[in-house]
Structure formats: structure tokens, C-alpha cells
Amino acid sequence: MPELPEVEQVARELREVLVGRRLDGLLHAHPDVLRYGVGLGPASFAGRSFAGIGRRGKLLLFDLGDRLVLTVHLRMTGRLSVEPSAAERPAHCHLVWALGDDEELRFSDARRFGRAQLLRRAELEADTFLRRLGPEPLDVELADMRQRLRRRRGTLKGALLDQSLVAGLGNIYVDEILHVARLHPRLVAATLREDEAVRLREAMRQILEAAIAAGGSTIRNYRRPSGELGGFQASHQVFGRAGEACRGCGGPVVKIVVVGRGTYLCPACQPKRRRKIPSMRRVRASAGKRT
DNA sequence: TCTAACCTGATC
DNA sequence: GATCAGGTTAGA
């Protein structure tokens, strides 16, 4: 469910609420959901406090001080929230920490795909998931991105979904980015030209910044820690809009399957290979509109 | 590089 | 009842 903008929103909200706050201990944990580094266990949480909260790709990083880090990956349906201890726990609440002041940090996850790990910093640095992540899409250098794409034999969409190419994009934002960049998801990644790579990188920045500013996208499950929905779904140009009119050219948005994922695009604006395309210079303007 | 698998719930 | 879902990964 959550991609970079949603995870960034979660990190920001929790940072406001949790940093500087003490962690009294772990009250409840599903054994499949929370794993521990060497020598660590449920008792390791007691007496710690939140020194900082960061994000790398779609992974949340809670700095608990004393070289201890809690990582949380929300996967598809994971959700973090801070609630009064007296409030009824949500369904599928798999992790609960006591925060003091009669509040709890809770992780709930219907599909139970999400994972948390308590690690020492040295173990975190050796963590294979973290080590395999590519650069942040908002920071990646154009030359670096081109080089990474050139090594790919598969589709452009598949490459962008691979977290080792760039870290944090998922199914929604890849489709939105490719639409703004006017690139077909099935283009062979390695064949991307300079001008196409420039458009791609610019579209990444534009879409991700707008999505972060809007608090992410809510399609079905995603909720901010505050309980609010994201706002960026209203600005989606193609995702979830099969059969509707493209906001750029008026033609129909279609849904296809690419690398096994439902994929939305406007075939007129995103031709498989170059051809005259309708003026799409102003996708940016319509991207900001509320519909 | 693709598919199946991990789980459950919502929707067709 | 069958299919699909915003993620990742083991295995073919």
C-alpha cells in the first residue's frame, strides 16, 4: 500500500509525536511480525526513547538511542498510529508499545506482510534489504540513473519498481511518473534516450514532491498515523482511471498488465515508440488541480 | 526475469 | 466463487 510519499508522511507525523518521548516497553507482539538482532528481545525496548525517525525508500527507521534502531516496513496494509491506551485496539493489531501518558504506539496490518526489526546499528548497516536499496528518487543524479537503466534488459516499469534501481517507487507512482514523462511502461529500460531520461527524472521529482505535499495517496487502505486519508489520489492522471478520459488529451486511459502488475496509461500520450504526441506540456497544471 | 507465495479483505 | 490489491522475495 504505501510508497515513498506515504511512508514519508508517516515518518513526519510520527516524528512530531514521538521524538524525545520515552518508550516504556513492548506490550504485545506477533512473533512473525517483529524480529530481533543478536542478543535483543522484548525487554530491550523498556527504558528507551525515540531519538529520531527517518525513512530510506519505503523503510521507516526509528532511532532508539544507544545504537539501537527499530525498522518498520508497512508492505501492503501496515499502519502505524499513536492512540490512547484506553482506545480499543484495531483489528489485526500485531505490535503495541507503551509510550507513557496513557498512550500506545500501534502497528496493525490485515495481511500481516509488514515487518519490524529491532537491530543494533552495526546489524542495520549489514542488513541486506537496506544494502540493496538504490538511491532516493529525489536525490538520484541523472547520469547515475541512466547508467542503472542501461544495465536493464526488462521493461522500464519493471526497472522502476525494482528497489535496487531507485528506492521508494511502487505501482501507483511509477504509473503516474511514466504518464507525466510521456513514456510507455513497456519501453525497454536500456534503450531510454537522454531526453527521455531527463523527462523521467523531472517527472519523478514533480510527482513525488506533489504527492508528499498532499499527504500521499489513499486508494483503499492507506491512512496517515493521524487517521486522515491522503489527498494525492484526486490528482492521479492515470492510476485507477481505466476507461476514463485522459486529462491531457481526452483519450481513454487503459489498463494493461506489465511485470505482473496492473498498469494504467494513456496510449496516446505514452506511445510505445516515438510518434507525434498531443501537447502534454501542461500536465503539470492539471496535476495540481482538484477534481 | 518471471511466477508463486506470503495473508486477508474487498469487489467482480 | 473467483479475482484483485499500494510489496517483497524465494525459487524456477
Side-chain angles (χ1 to χ4, degrees), chain A residues 1-11 30-35 55-60 71-80 90-95 107-117 127-134 137 148-179 185-191 207-208 211-212 214-225 229-243 255-265:
Chain A
M1 120 213 212
E3 305 178 30
L4 188 155
E6 291 77 34
V7 178
E8 177 63 26
Q9 180 67 34
V10 171
H30 189 295
D32 293 347
V33 176
L34 177 57
R35 305 288 173 78
R55 175 193 62 75
R56 179 73 177 90
K58 300 169 191 168
L59 189 70
L60 287 159
T71 70
V72 177
H73 198 303
L74 304 172
R75 294 283 187 101
M76 296 283 268
T77 51
R79 174 165 181 231
L80 284 163
H92 310 292
C93 185
H94 303 308
L95 301 173
F107 173 78
S108 55
D109 184 6
R111 293 177 77 173
R112 218 191 309 136
F113 285 173
R115 288 291 177 269
Q117 288 185 285
D127 184 83
T128 55
F129 178 81
L130 209 45
R131 294 189 67 150
R132 285 181 189 146
L133 292 180
R148 288 163 178 276
L149 287 168
R150 269 197 291 263
R151 291 196 288 257
R152 292 293 176 144
R153 267 194 293 130
T155 61
L156 181 56
K157 173 151 183 174
L160 294 174
L161 285 173
D162 185 335
Q163 303 296 294
S164 70
L165 191 297
V166 128
L169 302 183
N171 209 33
I172 294 176
Y173 292 103
V174 167
D175 284 4
E176 292 298 312
I177 287 165
L178 290 177
H179 181 260
R186 284 199 183 119
L187 286 177
V188 175
T191 67
I207 290 290
L208 293 176
I212 289 169
S217 301
T218 298
I219 299 299
R220 30 186 350 150
N221 303 301
Y222 172 69
R223 291 292 178 96
R224 295 163 51 170
L229 304 178
F232 193 65
Q233 61 282 0
S235 301
H236 287 178
Q237 299 293 299
V238 288
F239 192 87
R241 299 190 64 242
K255 183 182 184 185
I256 63 176
V257 175
V258 182
V259 291
R261 313 293 302 275
T263 297
Y264 300 87
L265 74 152

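The figures that follow rest on heavy atoms only: side chains count, while hydrogens, waters and symmetry mates do not. Each chain gets a letter, A, B and so on, in the order its sequence line appears, and its residues count up from 1. Since the structure is predicted, the reported quantities are computational estimates derived from the model, not experimental observations.
- Remark: P of C/dT8 and CG of A/L160 are 14 Å apart, rounded to the nearest angstrom.
- Summarising the geometry, the separation between CG on A/L169 and P on C/dG7 is reported as 10 Å, rounded to the nearest angstrom.
- Residue A/F113 and nucleotide B/dC6 are classified as a stacked aromatic pair, their ring centres being separated by less than 5.5 Å at an interplanar angle below 30°.
- Expressed to the nearest 0.5 Å, how far OG of A/S108 lies from CG of A/L95 amounts to 9.5 Å.
- Listed nucleotides B/dC7, B/dT1, C/dT8 differ in distance to A/F129; the shortest reach to its side chain belongs to C/dT8.
- Under 4.0 angstrom from either OP1 or OP2 of B/dG9 there lies at least one side-chain N or O belonging to A/H92.
- Contact check, A/Q163 against C/dT8: a side-chain N or O comes under 4.0 Å of OP1 or OP2.
- Rounded to whole Å, atom C1' of B/dC6 lies 13 Å from atom NE2 of A/H94.
- For A/R132, the CZ atom sits in a loose shell: 12 or fewer heavy atoms of surrounding residues, nucleotides or ligands are nearer than 6.0 Å.
- The CG atom of A/L161 sits 13 Å away from the P atom of C/dA5 (whole-angstrom rounding).
- Side chain of A/E3 to main chain of A/K58: no donor-acceptor pair is present (N/O by atom type, distance under 3.5 Å, no hydrogens or angles).
- A/Y173 comes within 4.0 angstrom of nothing in the nucleic acid, heavy atoms only.
- By the 30° and 60° cut-offs, the orientation of the rings of A/F232 relative to A/H236 is perpendicular.
- Comparing A/K58 and A/K255 by the nucleotide of DNA chain C that holds the closest heavy atom to each, the one mapping nearer the 5' end is A/K255.
- If you check the side chains of A/E6 and A/Y173, you find a donor sitting under 3.5 Å from an acceptor.
- Among the nucleotides C/dG7, B/dT1, C/dT9, the one closest to the side chain of A/H73 is C/dG7.
- One can place CG of A/D32 at 17 Å from P of C/dT9, the figure rounded to the nearest angstrom.
- Nucleic acid contact for A/R115: none, since no nucleic acid atom lies under 4.0 Å from a heavy atom of the residue.
- Stem analysis of DNA chain C (Watson-Crick or G-U pairs, both distances under 3.5 Å, runs of at least three) returns B:1-6 with C:7-12, B:8-12 with C:1-5.
- Checking C/dA5, B/dC2, B/dT8 against the side-chain heavy atoms of A/M76 singles out C/dA5 as nearest.
- If you look at A/F129 and A/H73, their ring centroids are closer than 6.0 Å.
- Here the P atom of nucleotide B/dG9 and the CG atom of A/N221 are 11 Å apart, to the nearest Å.
- Taking 4.0 angstrom as the limit, A/R261 places a side-chain polar atom (N or O) nearer than this to OP1 or OP2 of C/dG7.
- With hydrogens and angles disregarded, a donor-acceptor distance shorter than 3.5 Å links the side chain of A/H94 to the backbone of A/D109.
- OP1 or OP2 of B/dT8 sits under 4.0 Å from a side-chain N or O of A/R112.
- When the P atom is compared between C/dG1 and B/dC7, the two are found 22 Å apart, to the nearest whole Å.
- A/R152 is linked by a salt bridge (Lys or Arg N to Asp or Glu O under 4.0 Å) to A/D162, counting only residues two or more places apart in sequence or in another chain.
- At a cut-off of 3.5 angstrom, the base of B/dC7 holds at least one donor-acceptor pair with the side chain of A/R111.
- The interatomic distance linking A/H30 (NE2) with B/dC6 (P) rounds to 15 Å, in whole Å.
- A straight line from CD1 of A/I219 to P of B/dT11 spans 13 Å, rounded to a whole angstrom.
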